[in-house]
Amino acid sequence: MWAISATSVANLKKIPTYEILSIVFLIGFICSASYNTYNHTWRKTLDHPFYIWIIGIIGIFGNEVLFIESFKHAPVAHADLINFLWPIMVIFFSSLFPKEKLQFRYFLASLIAFIGIYILIFYDEGQNINFQHQYIKGYLYALFAAFFWTFYTIISKFYGKLKPEMIGIYCGLGFILSFLMHLTYEKTIIPTLSNFISLIFMGIATHCLAYFFWDYGVKKGNFKLLSILSYFNPIISISILIIAGYSKPTYALFISSFLIFSAGLIGGLTWKKSKSPKNIN
């Protein structure tokens with residue numbers, strides 16, 4: 001689902017950021033609220049400390065705003081790959097927690113991943129160094145989006161009582177914040193039919209089901225292996241962008257995608273030997 005989200009966002013570049021988020025968060029909230037109502041889970045969903053609400057909305061809302069903005073200020077493939085640094089960030093920073101060990105392969109994986117990004121932004125236009133200064137803002141947005149999602153993912157893992165059903169609350173709060181920001185700072189643009197299809201997909205999939213499955217997975221599954229498998233996403237996502245015509249196939253793009261994917265494999269090469277951290281209650 002997240003591999004398709006880059007193409008969906010690329011299709012919405014002409015739509016204001018907070019207008020996009022207002023619609024997709026509203027759809028996500030309706031889907032999540034329907035689930036909570038059907039399963040009678042509202043009480044346990046709302047029974048969380050206030051700071052958990054703050055952490056969730058910062059992680060999800062912040063990530064989404066920065067991710068969409070990055071696509072408006074940099075080439076979509078560049079923004080997408082920079083954002084996909086988050087899995088190695090998750091592995092690296094989670095190793096700093098108790099019962100975990102910071103190992104050399106995490107440094108090596110991080111180095112390889114950033115070399116891949118260096119090749120992408122300095123050599124994607126040709127063989128000579130050709131850094132495009134007009135894209136700096138987009139690159140920073142994508143990088144900070146990766147940090148926001150890393151922050152949320154690690155908190156979701158180490159705070160085991162955080163329920164996946166909380167995603168509905170985050171979507172509801174995200175809708176309120178986005179709608180207020182849209183009314184204050186943006187001019188409404190009527191989406192086309194193609195835009196509406198992308199918005200509906202994002203609302204149901206990337207802003208509801210994908211969050212729910214990811215939140216459930218980091219709690220119930222092998223946390224580090226899940227992060228490693230996330231490195232297949234860059235290859236899938238870039239391939240879809242190329243097929244959809246939003247990005248051109250270049251040697252630098254393929255090399256960068258391969259290096260970022262390889263970094264994930266190296267970072268989790270001996271994941272079976274690593275002890276999973278206990279939940280912090």
*Output the distance between atom CD1 (Ile82) and atom OH (Tyr135), rounded to the nearest 0.5 Å.*
12.0 Å
*Would you say the side chain of Asp80 lies within less than 4.5 Å of the side chain of Val76, judging by non-hydrogen atoms?*
no
*Hey, quick one: are Trp149 and Ile54 part of the same hydrophobic cluster, counting side-chain heavy atoms closer than 4.5 Å, chains of contacts allowed?*
yes
*Closest approach of Phe201 to Ser8 (non-hydrogen atoms, all atoms of both residues)*: CD2-OG, 3.4 Å
*asked:* Check this for me: Lys13, atom NZ, are more than 12 non-hydrogen atoms of other residues, nucleotides or ligands nearer than 6.0 Å?
replied: yes
*Starting at SG of Cys208, measure out to OH of Tyr170 and round the result to the nearest 0.5 Å.*
14.5 Å
*Qualifying residues under ring-ring contact (aromatic ring centres under 6.0 Å, His included), relative to Tyr35, sequence neighbours excluded*: Phe212
*If only atom types and distance count, is the side chain of Ser256 paired as donor or acceptor with the main-chain N or O of Ala252 below 3.5 Å?*
no
_Contact between Phe92 and Phe107 at the side-chain level, heavy atoms closer than 4.5 Å - yes or no?_
yes
*asked:* Hydrophobic clustering (ILVMFWY, side-chain heavy atoms < 4.5 Å, transitive) - are Ile197 and Ile204 grouped together?
replied: no
*asked:* Any side-chain to backbone donor/acceptor pair from His207 onto Met202? Under 3.5 Å, distance only.
replied: yes
_Do Val90 and Tyr152 make a side-chain contact, defined as non-hydrogen atoms from C-beta onward lying under 4.5 Å apart?_
no
_Considering all heavy atoms, the nearest Ala77-Leu120 contact_ = O-CD2, 4.3 Å
*Is there a donor-acceptor contact under 3.5 Å from the side chain of Glu19 to the main chain of Glu186?*
no
*To the nearest 0.5 angstrom, please state how far the CZ atom of Phe261 sits from the CD1 atom of Ile266.*
10.5 Å
*asked:* Please determine whether residues Tyr38 and Ile30 belong to a single hydrophobic cluster, defined as Ile, Leu, Val, Met, Phe, Trp and Tyr linked transitively by side-chain heavy-atom distances below 4.5 Å.
replied: no
*Is Ile236 linked to Ile243 within one hydrophobic cluster, defined over Ile, Leu, Val, Met, Phe, Trp and Tyr using a side-chain heavy-atom separation of less than 4.5 Å?*
no
*Show your reasoning for whether side-chain contact (heavy atoms from CB on, under 4.5 Å) applies to Leu12 and Ile15.*
CA-CA 5 Å; Leu12 299 169; Ile15 308 298; 4.2 Å; yes
*asked:* So, taking the atom named CD1 in Ile60 and the one named CZ in Phe151, what distance separates them when rounded to the nearest 0.5 Å?
replied: 11.0 Å
*Apply side-chain contact (heavy atoms from CB on, under 4.5 Å) to Phe114 and Leu85, showing your working.*
CA-CA 8 Å; Phe114 278 97; Leu85 289 173; 3.8 Å; yes
*Does Ser237 use its side chain to pair, donor to acceptor, with the backbone of Pro234 at less than 3.5 Å?*
no
*Which distance, rounded to the nearest 0.5 Å, do you find between the CG of Leu81 and the CD1 of Ile260?*
4.5 Å
*Ser22 to Phe175 - nearest heavy-atom pair and separation*: O-CD1, 3.1 Å
_Ring centre gap for Tyr185 and Tyr18 strictly below 6.0 Å_ = no
*Rounded to the nearest 0.5 Å, what separation is found between the CD1 atom of Ile115 and the CG atom of Leu259?*
7.5 Å
*Give the C-alpha distance, both sets of side-chain angles, the deciding distance and a yes or no for side chain to side chain donor-acceptor pair (under 3.5 Å) between Asn83 and Ser70.*
CA-CA 9 Å; Asn83 183 256; Ser70 69; over 6 Å; no
*Phe71/Phe67 aromatic ring centres below 6.0 Å*: yes
_Less than 4.5 Å apart, side chain to side chain, heavy atoms only: is that true for Ile58 and Asn63?_
no
*Do Tyr123 and Tyr251 have side chains that get closer than 4.5 Å, going by heavy atoms?*
no
*Taking all heavy atoms of Lys248 and all of Leu253, pick out the closest pair and write down the distance.*
O-CD2, 3.5 Å
*Intermediate values then yes/no, side chain to side chain donor-acceptor pair (under 3.5 Å), Asn195 and Thr192*: CA-CA 5 Å; Asn195 294 153; Thr192 64; 3.0 Å; yes
*Apply side-chain contact (heavy atoms from CB on, under 4.5 Å) to Phe213 and Met1, showing your working.*
CA-CA 10 Å; Phe213 291 146; Met1 294 179 187; 4.0 Å; yes
_Show the nearest heavy-atom pair for residues Phe25 and Ser178, with the distance to one decimal._
CD1-OG, 3.7 Å
Hey, can you pull the donor-acceptor pairs under 3.5 Å for the side chains in residues 137-147, sequence neighbours left out?
| from | atom 1 | to | atom 2 | distance (Å) |
| --- | --- | --- | --- | --- |
| Tyr139 | OH | His78 | ND1 | 2.9 |

*asked:* Assess the residue pair Ile189 and Lys14 against the criterion (side-chain contact (heavy atoms from CB on, under 4.5 Å)); give the C-alpha distance rounded to whole Å, side-chain angles, the decisive distance to 0.1 Å, and a yes or no.
replied: CA-CA 8 Å; Ile189 295 179; Lys14 295 182 179 179; 5.5 Å; no
_Short side-chain to backbone donor-acceptor contact, Gln132 and Ile121, under 3.5 Å_ = no
_Ignoring hydrogens, what is the shortest heavy-atom contact between Ala3 and Ile240? Give both atom names and the distance._
O-CD1, 4.1 Å
